[in-house]
Amino acid sequence: MEFELIDQLKFSAPVAPGILLGIGDDCAILAEDASNERLVTTDMLLDGVHFVYDYDKKNAQSLDLIARKSIAVSVSDIAAMGGEPQAAFLSLAIPRAWSAEQAKELFDSFSKAAAKLNVSLAGGDTTSWEGLLAINVTLLGTVPKSEAIRRSGAQAGDVICVSGPLGGSLAGKHLTFTPRVQQACWLRKHCKLHAMIDISDGLLADLGHILQESGVGAEIFSQQIPITEAAKCIEDSQSPLEHAITDGEDFELLWTMPEAEYQKLIQIQEDFIEVHRIGTITQQTGCFLIDPQGKKERRGNEGYVHQFANHEN
Ligand code: ADP
Ligand code: MG
């Protein structure tokens, strides 16, 4: 539902000349100057959905962690284009019941988080209301001209890679992850990447975005998918592999590159870059998961989707 609505906007929005890429990727790309392009992304985070602020402070997700996540998710979108973050605009809807001290703590947390993530707070808006804490961060970044890595460039034969283990982020990683800016910039400079996205909705869902935008399909090999310790420890009806491919908010990079570039990458790769080869882009559309016995299973874009009520009944 969420994605159908976004598609509808995408095809009805007029594109002005300076907008090189509008709706549909991790960031919009705007023309800047002779050497750089401007990246823009925005994300909204809500208490009860993206974080849980514990008013009694018994089991608190601290404001430091909440502020950090709120900026880091946008930094991750800039990384997904191969860019570097610069200026953030922070809009806050603060619960009226908060004390002045709580509000000050929130602002302090944002100052610290921005400094840690190499971002300058350059503006925003502050409101109060009867609802829970709501946060919007709009982040501007920069990328060398024509070098942004889009979701739409994957080609049949490309190797599919991820930058780290996946799944179980609810156990903590969704608050503490490090956006892969350094890795993405290094990859952009040293290798020819065809497509990239950051994994926010889950591996299958975000690979699905690359496949849809590129008009191709994929085969991914279950044995090659790196799985976090957190996903291996979850005791529920889903296997660790299912968690790794469907859980959201890993914020690892997912990219595709020609085989020859992959071979070059593993020769020159530096220690701070994890590269896990998980599959291949195919001409035939659809995403297939292949088990160690070679059995193929067609998979959909399963992952986290924001739902709306059904008012028809
Ligand atoms: P991400 O997970 O990388 O943040 P999203 O799934 O939130 O990306 O959004 C996908 C694309 O749709 C992005 O280009 C985003 O800017 C666009 N988008 C999402 N919601 C809206 C909206 N309400 N109006 C216009 N564009 C939107
Ligand atoms: Mg993204």
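Counting starts at 1 for both ligands and their atoms, in listed order.
- For the ring-ring contact (aromatic ring centres under 6.0 Å, His included) condition, the pairs that include at least one residue of residues 155-181, sequence neighbours left out, are Phe177-Phe251.
- A salt bridge links Asp108 with Lys104: at least one charged nitrogen is closer than 4.0 Å to a carboxylate oxygen.
- Using a 4.0 Å cut-off between charged side-chain N and carboxylate O, Glu261 and Lys192 make no salt bridge.
- Contact shell of ligand 1 (protein heavy atoms, cutoff 4.0 Å): Phe3, Ile6, Leu9, Ile23, Gly24, Asp25, Asp26, Asp43, Asp77, Arg151, Ser200.
- Applying the salt bridge (charged side-chain N to carboxylate O under 4.0 Å, His left out) definition to pairs two or more places apart or across chains, those involving residues 202-227 are Lys10-Glu213, Glu219-Lys296.
- Side-chain contact, Ser74 with Asp43: a donor N or O sits under 3.5 Å from an acceptor N or O.
- For the pair Glu249 and Lys173, the salt-bridge criterion is not met [side-chain N within less than 4.0 Å of a carboxylate O].
- A salt bridge does not link Arg180 with Asp198: every distance from a Lys NZ or Arg NE/NH1/NH2 to an Asp or Glu carboxylate oxygen is 4.0 Å or more.
- Protein atoms of type N, O or S found under 2.8 Å from the Mg ion (ligand 2) total 3.
- Salt bridge status for Glu229 with Lys232: present, with a side-chain N to carboxylate O gap under 4.0 Å.
- Using a 3.5 Å distance cut-off with no hydrogens or angles, the side chains of Asp26 and Thr41 do not pair a donor with an acceptor.
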